[in-house]
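Bear in mind the structure is a predicted one, so any value in this text is a computation, not a measurement. Labels below follow one simple rule: chain letters A, B, ... track the order of the sequence lines, proteins then strands, and each chain is numbered from 1.
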There are 2 protein chains.
Amino acid sequence: MNSNRPTLEDVAKAAGVSRATASRVINGVLTVDPAMQSKVEAAVRTTGYVPNTAARSLVTRKAGAIALVISGSDGSAEQVLGDPFFGRITSGVVKSLLPQKVHPTLVLADSDAARADAVAYVRQGKADGALLVSTHSDDTLPGLFVDAGIPAVLFARPGRDVPISYVDLAHERGAALAADHLVARGCRRVATIAGPSDVPAAQDRLTGFRHAMARHGQAYVPVAKGNFTRESGEQAMLELLAAHPDLDGVFAANDLMATGALKILQSHHRSIPADVAVVGFDDSEPAHSTRPQLTTVAQPVEEMAAEMARILLTHIEDPTLPPTSVIFDPHLVPRESA
Amino acid sequence: MNSNRPTLEDVAKAAGVSRATASRVINGVLTVDPAMQSKVEAAVRTTGYVPNTAARSLVTRKAGAIALVISGSDGSAEQVLGDPFFGRITSGVVKSLLPQKVHPTLVLADSDAARADAVAYVRQGKADGALLVSTHSDDTLPGLFVDAGIPAVLFARPGRDVPISYVDLAHERGAALAADHLVARGCRRVATIAGPSDVPAAQDRLTGFRHAMARHGQAYVPVAKGNFTRESGEQAMLELLAAHPDLDGVFAANDLMATGALKILQSHHRSIPADVAVVGFDDSEPAHSTRPQLTTVAQPVEEMAAEMARILLTHIEDPTLPPTSVIFDPHLVPRESA
DNA sequence: TTGAAAGCGCTAACAT
DNA sequence: ATGTTAGCGCTTTCAA
């Protein structure tokens with residue numbers, strides 16, 4: 001339709017220079033006479049020239065774009081998108097990419113076919129690298145990207161042993177923060193609601209919590225397992241309460257399960273935090289909505305996401321760089337529940 | 001680096017045909033001898049060929065990609081990303097685009113410079129069209145895209161009078177649903193917490209609610225204005241309670257404000273819904289987290305987003321199509337608060 | 001039905 | 001410091 005969009009040729013003609021010089025000015029090459037430079041700049045303005053990315057990519061072999069790949073088991077990616085946690089990742093990524101004017105393309109990879117497509121997407125030259133958001137430890141996606149030789153960075157340590165860069169949280173330390181807080185406020189019979197065992201982060205939180213409680217002298221920590229949903233938190237709390245009616249503190253591996261626990265405790269007439277103190281993990285939206293508001297462990301998601309993007313950019317620039325990892329520290333957000 | 005990625009030339013050579021024929025097979029042109037066709041397909045497989053998008057785009061003048069532009073006043077886009085509502089939009093868009101193998105690129109446009117960049121992004125040929133998520137009625141973004149002749153579809157009716165396609169919700173009907181429900185459960189002194197006046201949807205909800213209450217005989221509806229945040233909901237509820245301590249029903253223009261209202265009502269020892277019934281809008285995550293759970297008006301966000309993407313695709317295919325609008329119906333989700 | 005050849009708009013040697 | 005020129009990998013007339 002717009003066959004009359006101005007090309008570099010037009011700009012060059014209008015400025016009375018060669019295409020090469022026009023290109024140099026546009027790409028900020030400094031070895032250009034200031035006079036011609038301003039001539040070209042003027043021509044760009046009058047013609048309304050905008051460089052054609054396809055043509056540029058064809059010769060530079062760079063897309064100037066990256067993919068944000070959401071992995072997950074079949075159909076689960078949709079659920080990931082609905083999670084505010086993902087919004088925070090996106091926000092961090094976008095913000096960090098903004099200055100370089102690169103924008104992330106969202107690619108869902110929640111089936112084997114979709115995972116193959118995601119790799120193909122990058123190999124087509126639509127992106128120079130990929131940001132991988134994957135939770136399950138048996139995810140094959142990181143391996144696919146590594147095998148294809150595509151620059152990629154993971155959000156969270158890879159489940160399988162794959163040579164890939166990643167950012168992550170010191171989950172054990174976060175859990176320890178929760179333990180310390182519960183003990184400090186006087187809790188002596190503490191239990192925990194753990195996340196799924198196929199999520200490394202969940203395992204780390206569990207181990208971290210156990211170790212910290214051991215340091216405080218509580219050798220045994222009752223555990224009930226959930227799957228990060230509110231309902232599973234309720235179920236787990238029910239189990240815990242049945243087995244240990246005298247417990248006085250609970251650490252849930254995420255906020256959603258913590259809200260479930262809260263509901264059960266309240267319906268069993270436990271006063272929070274007087275009878276039972278509750279600590280969650282993530283500092284997500286639900287943590288604010290409960291009454292009492294949830295004391296929780298916060299992770300700097302935006303910063304982590306921004307760092308992830310930064311790492312990817314350096315690896316795109318120099319693909320020979322070895323895999324890097326950056327681990328962030330969590331902090332406790334004391335509110336009302338503990 | 002990967003100078004040895006196979007090209008169409010390689011495939012043609014391996015199949016013993018011309019580049020043109022190989023291209024035809026790959027693009028599914030039917031006028032090809034079945035024998036050569038399978039030869040080419042085999043060659044594609046053995047060489048591991050993947051078409052280069054840049055080269056293809058250069059000649060076809062299509063990117064095969066679209067932009068998902070998040071607009072907003074300065075810096076507010078970040079906040080939009082954190083909103084689960086946006087996640088649902090994304091999810092709907094992605095799902096609807098999946099079959100066509102096009103993936104949305106996230107572009108933030110929360111400053112004048114960023115808005116100009118967003119337009120430039122498409123004009124560079126990186127996308128064939130744009131999905132615009134914009135809330136404020138004075139947003140200049142839709143106009144910019146229309147002026148640039150770029151196919152674009154809005155989520156929500158444009159504030160300014162711009163000839164552009166959009167999908168939207170029948171907000172007045174949603175508000176009427178809330179009014180009907182409150183009246184049906186016996187509320188007689190009903191107030192509302194409205195959203196910002198520069199958000200058309202907020203205005204529609206307010207008008208819709210007023211009209212419906214008028215139909216039910218309540219001529220005057222006390223209004224306190226918020227800005228869609230929980231805190232503003234608390235503030236508004238405080239005002240309402242001060243002026244009308246005997247109110248027995250509240251409709252908040254979104255769930256977040258409703259949760260704020262809930263908190264205030266509870267701290268003022270109103271039992272929900274016995275003393276005061278509360279209805280929210282959006283059916284978002286916070287609606288589940290409150291105790292009691294929030295009765296709210298739900299919109300089919302994913303469907304709306306999917307339709308928005310579908311419309312964009314048709315307009316990309318035929319740019320001469322006139323602007324289309326599709327309005328969706330909300331429904332009430334009765335839970336515990338009303 | 002197939003192949004030859006002409007570009008799409010741009011960058012990057014290379015030569016000047 | 002500038003211009004000339006040769007492609008980047010692909011689609012698409014145009015002939016055969």
Side-chain angles (χ1 to χ4, degrees), chain A residues 1-41 43-44 47-65 120-128, chain B residues 1-41 43-44 47-65 120 122-126 128:
Chain A
M1 35 167 173
N2 237 343
S3 54
N4 40 16
R5 290 233 297 102
T7 72
L8 194 56
E9 186 77 55
D10 298 326
V11 174
K13 206 164 292 173
V17 302
S18 76
R19 219 169 52 215
T21 300
S23 172
R24 288 186 188 106
V25 172
I26 283 156
N27 291 290
V29 178
L30 12 197
T31 64
V32 179
D33 186 277
M36 313 207 105
Q37 185 165 324
S38 44
K39 268 178 167 290
V40 172
E41 279 159 357
V44 166
T47 55
Y49 171 75
V50 176
N52 179 313
T53 310
R56 181 177 281 177
S57 292
L58 188 53
V59 32
T60 60
R61 296 161 165 291
K62 314 209 102 278
Y121 181 86
V122 180
R123 301 202 8 157
Q124 279 169 25
K126 293 206 172 200
D128 300 320
Chain B
M1 37 166 170
N2 234 344
S3 54
N4 40 15
R5 289 235 294 102
T7 72
L8 193 56
E9 185 77 53
D10 298 327
V11 174
K13 206 164 293 175
V17 301
S18 75
R19 217 167 54 213
T21 300
S23 172
R24 287 185 188 108
V25 172
I26 282 156
N27 291 290
V29 178
L30 6 184
T31 64
V32 178
D33 186 277
M36 312 208 105
Q37 186 165 323
S38 44
K39 265 177 167 290
V40 172
E41 280 160 356
V44 166
T47 55
Y49 172 74
V50 176
N52 179 313
T53 310
R56 181 177 280 176
S57 292
L58 187 53
V59 31
T60 61
R61 296 162 164 291
K62 311 209 106 280
V122 180
R123 302 203 8 162
Q124 280 169 25
K126 293 206 173 200
D128 300 320

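- A distance-only check finds no donor-acceptor pair linking the side chain of A:T21 to the backbone of A:V17 [under 3.5 Å].
- If you take NZ of B:K62 and P of C:dC8, they are 19 Å apart, rounded to a whole angstrom.
- At the phosphate of C:dA12, neither OP1 nor OP2 sits under 4.0 Å from any side-chain N or O atom of A:R19.
- If you check C:dA12, D:dT12, C:dC10 against the side chain of B:V59, the one that comes closest is D:dT12.
- Mapping B:L58 and B:A20 onto DNA chain C via the closest heavy atom, the residue that lands nearer the 5' end is B:A20.
- In this structure, B:V50 and B:R5 have side chains that are in contact, with non-hydrogen atoms separated by less than 4.5 Å.
- Between B:T7 and D:dG9, a side-chain N or O to OP1/OP2 separation shorter than 4.0 Å is absent.
- Taking 4.5 Å as the limit, some side-chain heavy atom of B:L8 sits within range of a side-chain heavy atom of B:S23.
- Whole-Å rounding puts the A:N27 CG to C:dC10 C1' distance at 9 Å.
- Rounded to an integer number of Å, the gap from B:Q37 CD to C:dT1 P is 12 Å.
- A donor-acceptor contact under 3.5 Å links the side chain of B:R24 to the base of C:dG3.
- When rounded to the nearest whole Å, the span between CD1 of A:I26 and C1' of C:dA12 equals 15 Å.
- Look at CD on A:Q124: it is 11 Å from P on D:dC10, rounded to the nearest Å.
- Here the side chain of A:T60 is nearest to one of D:dT2, C:dT2, C:dA12, namely C:dA12.
- Rounded to an integer number of Å, the gap from A:E9 CD to C:dC10 C1' is 11 Å.
- The distance between atom CG of B:L8 and atom P of D:dT11, rounded to the nearest whole Å, is 6 Å.
- Candidate nucleotides D:dT11, C:dC10, D:dG9 were compared by shortest atom distance to the side chain of A:R61, and D:dG9 ranks first.
- With a 4.5 Å cut-off on side-chain heavy atoms, A:Q124 and B:N52 do not count as touching.
- Here the side chain of B:S23 is nearest to one of D:dG3, D:dC10, D:dT11, namely D:dT11.
- At the phosphate of D:dC8, neither OP1 nor OP2 sits under 4.0 Å from any side-chain N or O atom of B:N52.
- Inter-residue side-chain proximity for B:I26 and B:V44 is flagged as met; some heavy-atom pair is nearer than 4.5 Å.
- Nucleotide D:dC10 holds its P atom 13 Å from the NZ atom of B:K13, rounded to whole Å.
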